[in-house]
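Protein chains get the first letters and strands the later ones, always in sequence-line order, with residue 1 at the start of each. Source: prediction; values computed, not measured.
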Number of protein chains: 2
Amino acid sequence: MPFSNLESRKFKTKAVADLAFPEREGGYAKGHETREQILGAALSLLVEEGYRGMSMRRVAAACDMKLGNLTYHFPTREELVKDLLDAIIRAYEIEFEAIIHFTNETAEERLAEICGLILEDIRTKKTTHVFPELWALSNHDPFVLERVQELYARARASLLEIVEEMRPDLDADSREDLALFISASMEGMTVFAGHNKPFEHRMGQLETIAIRSFIEIVRNYAPDVQE
Amino acid sequence: MPFSNLESRKFKTKAVADLAFPEREGGYAKGHETREQILGAALSLLVEEGYRGMSMRRVAAACDMKLGNLTYHFPTREELVKDLLDAIIRAYEIEFEAIIHFTNETAEERLAEICGLILEDIRTKKTTHVFPELWALSNHDPFVLERVQELYARARASLLEIVEEMRPDLDADSREDLALFISASMEGMTVFAGHNKPFEHRMGQLETIAIRSFIEIVRNYAPDVQE
DNA sequence: ACAAATTTAGGACGCTTGACAAGGTTTGTC
DNA sequence: GACAAACCTTGTCAAGCGTCCTAAATTTGT
């Protein structure tokens, strides 16, 4: 069997952290702590109530804090959103940094491992709720678009590494296309098999299909000649 | 070549209509026309400004109409959103109804045709902007979730038909999984190669990869024995 | 002609929103 | 323990929101 033992991951890594905060520079420890509390509450509200529900007042209330104090730390809502987005994305970037250093035996094993990780993350409530909000926002906010695409570029980097190893004969564009297809393909599952979605319980089978399908296409893909 | 002539669609169908309105029952023609104008303006605002920007006042203004008249036709915002969602989804359902009756030579040709249609639609501004909004809404609104998933169920129906023809040996669950994977996989491209997205210009290659990949996995998929 | 349907015009209610300013309180440091 | 920076509270502002209302004018179908 060409796919034996590819669907059960060896390395059970912990889930992606919710937020990753920047080093603090200046200010008291208290202030920095408060900022983290605010961003945590903002994320909670974003997940539970959606982007509209994440108002300045509700964030402040969730922190048991007065609105004025919130605006002291984040003078505008835009600034809060921007910093929240940074913290969310930074957490993923840390994870992808770790993934790059996977040392599984074969490229295909690593591919299966990465896909398993991503599809596992997709099933969490946080990811199922946050990313569609970001996708919607990115249509009207260039900053969000750029930041989200930058995140995906890092996610693709580890896939690209594997594609390169499996298909050194392919041109760079084609390898990019393959990594992009794999990444996009998995993201699409969010809407169908994410948290509380109707096919959440089929994610296991979907993962199997996805991994086999990805390996097959990477093995055999040949771009059109006129490309 | 096993994939020859599968990537250029024979039947160039027109794009999916923006909205499909229900039969009118009671009222004058004028009133019905106004309702269509309102829903059209609401869709425009949803596409251009996002869900937040689609307020009652802005919809009314976009129709050159007083707020009172808007609330005459749609007493609550919820009702407007509900009817808009219905009109959007009905348009797709009509399209899928037509797709079912494709009479291409082989199942694989029909699969290629359907994938081409969907990926073409994904590149439109309307689809790229509206669906992420719906995905985000569906996380907090059971009505939206149900309606959207109902739409996708119809989209899968045509895929399922093809999978059944190609793999009569598979059990029903596995065929459903395959159709689901194909559908989800394509939806994922919205964020990467949809309208104004960074890989919009790679959609052609992605389509090629997707179709080949889908055909391959449907041809060869075998579920695990313990399933 | 006439009734029903549609539209205008204007207002008003209660509520939430993001933003801001002035004045207290705490914290760390010299 | 002084003292300045950092932190936090309190109160206020204009703007926008959905919903509701009335009264009159206009259009439409028959």
Side-chain angles (χ1 to χ4, degrees), chain A residues 21-46 48-85 133 136-137 140-141 143-144, chain B residues 21-42 44-46 48-85 133 137 140-141 143-144:
Chain A
F21 305 101
E23 291 294 316
R24 106 175 140 99
E25 43 193 43
Y28 298 162
K30 182 82 174 293
H32 189 252
E33 191 179 299
T34 303
R35 283 179 62 91
E36 295 193 1
Q37 185 197 4
I38 291 171
L39 292 176
L43 176 62
S44 270
L45 274 166
L46 182 60
E48 300 299 331
E49 316 277 354
Y51 186 69
R52 333 183 50 205
M54 201 192 73
S55 70
M56 297 292 273
R57 277 175 174 81
R58 295 182 74 158
V59 170
C63 294
D64 260 320
M65 144 192 325
K66 299 303 167 182
L67 179 61
N69 193 23
L70 176 56
T71 66
Y72 167 77
H73 290 285
F74 299 94
T76 68
R77 179 176 140 98
E78 194 183 341
E79 210 157 319
L80 173 61
V81 170
K82 191 172 166 304
D83 283 19
L84 176 60
L85 189 57
E133 297 285 353
L137 284 177
H140 307 282
D141 186 333
F143 167 75
V144 176
Chain B
F21 306 102
E23 292 293 317
R24 101 177 143 100
E25 42 195 44
Y28 295 164
K30 183 79 173 293
H32 189 252
E33 190 178 299
T34 302
R35 285 178 62 93
E36 296 192 1
Q37 184 199 4
I38 291 171
L39 292 177
S44 270
L45 274 166
L46 181 61
E48 300 299 332
E49 316 277 354
Y51 187 70
R52 330 185 52 206
M54 202 190 72
S55 71
M56 297 292 272
R57 280 173 173 82
R58 295 182 73 162
V59 170
C63 294
D64 260 321
M65 147 192 320
K66 298 299 169 185
L67 180 60
N69 194 22
L70 175 56
T71 65
Y72 168 77
H73 289 285
F74 299 95
T76 68
R77 179 178 142 98
E78 195 182 343
E79 210 158 318
L80 173 61
V81 170
K82 192 173 163 306
D83 283 17
L84 176 60
L85 190 57
E133 297 285 353
L137 285 177
H140 307 284
D141 186 333
F143 167 75
V144 176

**Asked** Does A/G68 or A/S55 map to a spot on DNA chain C nearer the 5' end, using the closest nucleotide for each?
**Response**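 In this pair, the answer is A/S55.
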In this structure, how many angstroms lie between the [atom2] atom of [N] and the [atom1] atom of [X], rounded?
{"X": "A/M54", "N": "C/dT17", "atom1": "CE", "atom2": "C1'", "answer": "13 Å"}
{"X": "B/E33", "N": "C/dT7", "atom1": "CD", "atom2": "C1'", "answer": "14 Å"}
{"X": "A/I38", "N": "D/dA6", "atom1": "CD1", "atom2": "P", "answer": "16 Å"}
{"X": "A/R35", "N": "D/dC7", "atom1": "CZ", "atom2": "P", "answer": "9 Å"}
{"X": "A/L80", "N": "C/dT17", "atom1": "CG", "atom2": "P", "answer": "14 Å"}
{"X": "A/M65", "N": "D/dT9", "atom1": "CE", "atom2": "P", "answer": "7 Å"}
{"X": "B/R52", "N": "D/dC17", "atom1": "CZ", "atom2": "P", "answer": "10 Å"}
{"X": "A/E78", "N": "C/dT17", "atom1": "CD", "atom2": "C1'", "answer": "16 Å"}

Value rounded to 0.5 Å, distance of [atom1] in [X] from [atom2] in [Y]:
{"X": "A/R77", "Y": "A/R57", "atom1": "CZ", "atom2": "CZ", "result": "12.5 Å"}
{"X": "B/Y72", "Y": "B/L67", "atom1": "OH", "atom2": "CG", "result": "15.5 Å"}
{"X": "B/E36", "Y": "B/T34", "atom1": "CD", "atom2": "OG1", "result": "9.5 Å"}
{"X": "A/F143", "Y": "A/E78", "atom1": "CZ", "atom2": "CD", "result": "8.5 Å"}

Phosphate oxygens OP1/OP2 of [N]: is one of them under 4.0 Å from a side-chain N or O of [X]?
{"X": "A/T76", "N": "C/dG18", "value": "no"}
{"X": "B/T34", "N": "C/dT7", "value": "yes"}
{"X": "B/N69", "N": "C/dT8", "value": "yes"}
{"X": "B/R77", "N": "D/dG18", "value": "yes"}
{"X": "A/H73", "N": "D/dA6", "value": "no"}

**side chain to side chain contact (heavy atoms under 4.5 Å, CB included) evaluation trace for B/R52 with A/Y51** = CA-CA 10 Å; B/R52 330 185 52 206; A/Y51 186 69; 4.2 Å; yes
**Prompt:** Donor-acceptor pair under 3.5 Å: do we get one between B/R57's side chain and the base of D/dG18?
**Reply:**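 Side chain to base: pair found, below 3.5 Å.
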**Item:** Check: D/dA5 base within 3.5 Å donor-acceptor of A/Y28 side chain
**Value:**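 Side chain to base: pair found, below 3.5 Å.
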**Message:** Categorize A/G31 for me: base, sugar-phosphate, or nothing, with a 4.0 angstrom heavy-atom threshold over every strand shown.
**Reply:**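 Sugar-phosphate: the residue A/G31, judged by heavy atoms under 4.0 Å, touches backbone atoms but no base.
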**Message:** If you assign each of B/T71 and B/A29 to its closest nucleotide in DNA chain D, which residue comes earlier from the 5' end?
**Reply:**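 The residue mapped nearer the 5' terminus is B/T71.
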**Item:** Most 5' of B/M56 and B/K30 on DNA chain D, judged by nearest nucleotide
**Value:**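 Closest to the 5' end, via its nearest nucleotide, is B/M56.
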**Asked** What's the closest nucleotide to the A/R58 side chain, out of C/dA9, C/dT17, D/dC8?
**Response**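 In terms of side-chain proximity for A/R58, the closest of C/dA9, C/dT17, D/dC8 is C/dT17.
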